[in-house]
Amino acid sequence: MARAQSNRRIAVMTIIGWTIGILMFFPIFWTAVAAFKTESDAYTLPQNFLTTPWTLENFAIVQERSDYVRYVVNTTLIVVLSTALALALAVPAAWSLAFTPVEKPTSRLSGRAWLAIMLGASGACFIVLYVNGWKVSNFFVGFGLLMLVVIPATIWVWTRNTPGTLLWMLSTKMMPPAGALIPIYLIFNRNGLVFADWGIVDLREFNLMDSLWGMVLLMTLLNLPIFIWMLFSYFKEIPVAILEAARMDGASLWNELFRVLMPMALPGIVSTCLLNIILTWNEAFWSLNLTNKNAAPLSFFISEYSSPEGQFWAKLSAASIMAITPILVIGWFSQRQLVRGLTFGAVK
Amino acid sequence: MGSITLEHVNKSFGTHQVIPDVNLTIEDGDFVVFVGPSGCGKSTLLRLIAGLEDTSSGRILLDGQDMTDAGPAKRGLAMVFQSYALYPHMNVYNNIAFPLKMAKLDKATIDAKVKDAARILNLTEYLERKPRQLSGGQRQRVAIGRAIVREPIAFLFDEPLSNLDAALRVNMRLEISELHQQLKTTMVYVTHDQVEAMTMADKIVVLNAGRVEQFGTPMELYRTPANRFVAGFIGSPRMNFVDGAEATKYGVHAIGVRPEHITLSTTEGAWAGEVGVAEHLGSDTFLHVTCGPLGTLTVRAEGEKPLSHGDKVWLTPQPGRIYRFDKDGRTLAAA
């Protein structure tokens, strides 16, 4: 009786599970099917994908119209370089946060005093800008205003305790990226806030708009907080005595990091890198806004087929499939490593 | 050579002073044990010598050379940690070879030294294993092996036996003592276990709240403790303290008698009492005797004593073995 009941329960749960699974997978399935249909068949409703002919023409057209390889190269460069750069910055940062934590803020000023200082600095900038009619053409005035805001902010960050620093890093991920779009656009842009003709030096030619380096830098900075947080939590699991033993054994800082710490945290480091690779590969918001030709990655490539002239479902689908296949393959082969790395602390 | 000298060493964490002004000289070849209750600063003192913590003020001299600001690697010391601190991703061979690789010795020399250390420590057949495949005692030996291949001027041990079970602890205690006989290198050993301190040390440093209460040979500390703290800390079971009227008879604030210096009788004696708990060990019997206004005194009687809860007994302190302490806990001349 009890067994019959539990069998029925399992059957119901299985059906519900599969239904939800199929519903969730359906858009991807539809994309995959549409990629292999002619444009008119992909458009026609009701769709009957079993009887309409299969074709590879979309892939050929997409490859012909837009150079797929170039986008793959761009994406790969951005992904690899930004991950490497983020790793190089995050390992020392996480190492110092995890093994030499600061318990109390080292500044004696209260939070209210800091708020007053920063509001004051911003207010002073506001007044100078207002008096100058919102235009700064003198390099030194511009640089001075920048420092007026940057220096107190830097000191504030510098004097936080470890939990404060970590929270600050995470807080940068709490702001919606759209909120930062205008300032970053103005920073990246030619004749913007930075890459302008400052009289003594003309920076216009060095602008970061639609440049690989700009994207690498931006992706690095976007993912750095998560990178540091993840490495921090992996490093926390490592007993500090082992690093002290290495120090006693005569290991230089370099050897301590590369021969002791990093091999021990390897599962964590690998899964952090994988997560970062996946996030960067799929990133669309900044890519669509800050690139268009030279540095355009695969997300831009997909969006090319959603144009004002109309939606080309079949080609859009083909482009999507081409864009997600490489990362899907990487994800598939690394899934065990990813899961192991992400549950590292939880199951130990 | 391996003498260690601490001159006016201070250590504070923030405003909290952990080590207030320690002066200490450890002679070359001595086995010195730092002992004290937990939180007394003994590990911190060891870490200051190791260079893992910076001194707030004062000087640390190794072989007469000022090493106060030198990094841990530069001091030529080797340390064995409580948690062993083996490198989990390396096998035993590479764990022991690590300090030699860091010193950039050639492969043949490293190989010879590692095999030699493995032979001394009976680790030869485990060289290919990872630390997680070893027992606690074997791990401890790997940690010691990693320390001896460096041929340090002194060994530092930070409670190395506290993670082992009781039987293994006694074995390792002997092994470390034998190692000291063999190598004749200075060893500084931190423990909270006064039995370890008494059995292993040439000299003991008793620490309390960061202060050195007394520095001397085990027997000096046992026979002539400098103060009430040392008297109570050294010896097992611990010394009985009596204050109040009984102490006034001896003209002091408090008196102390060790359990082994009390004569037990079932018929007569100086202090009458009633057995509370009797601990029969076979070789000895420990009796916890309630003696009215004197409180509960512990007595150690040799051999088997057929006494149990509620029995009437008389205790007599052995003359010349009564310690007298003044108001501040300092030891006065014995009565």
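All heavy atoms count here, side chains included; hydrogens, waters and symmetry mates do not. Just so it is clear: chains get the letters A, B, ... in the order the sequence lines come, proteins before strands, and each one is counted from 1.
- Heavy atoms of B:K101 lying under 4.5 Å from chain A belong exclusively to its side chain.
- Taking both residues in full, the closest heavy atoms of A:L167 and A:W229 are given as N-CZ2, 4.5 Å, listed atom of the first, atom of the second, then distance.
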Side-chain polar contacts of residues 32-40 of chain B - donor-acceptor pairs under 3.5 angstrom, sequence neighbours left out - could you list them?
none

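- Pairs of residues two or more places apart, or lying in two chains, that qualify as side-chain hydrogen bond (donor to acceptor under 3.5 Å, both in side chains) and include a residue from residues 24-36 of chain B are B:D28-B:T186.
- Heavy-atom distances place no part of B:R75 under 4.5 Å from chain A, backbone and side chain included.
- Looking at B:L86, only its backbone comes within 4.5 Å of chain A, counting heavy atoms on both sides.
- The local environment of CZ in B:F13 is crowded, with over 12 non-hydrogen atoms from other residues, nucleotides or ligands closer than 6.0 Å.
- Only the backbone of B:A78 comes within contact range of chain A, judged by heavy atoms closer than 4.5 Å.
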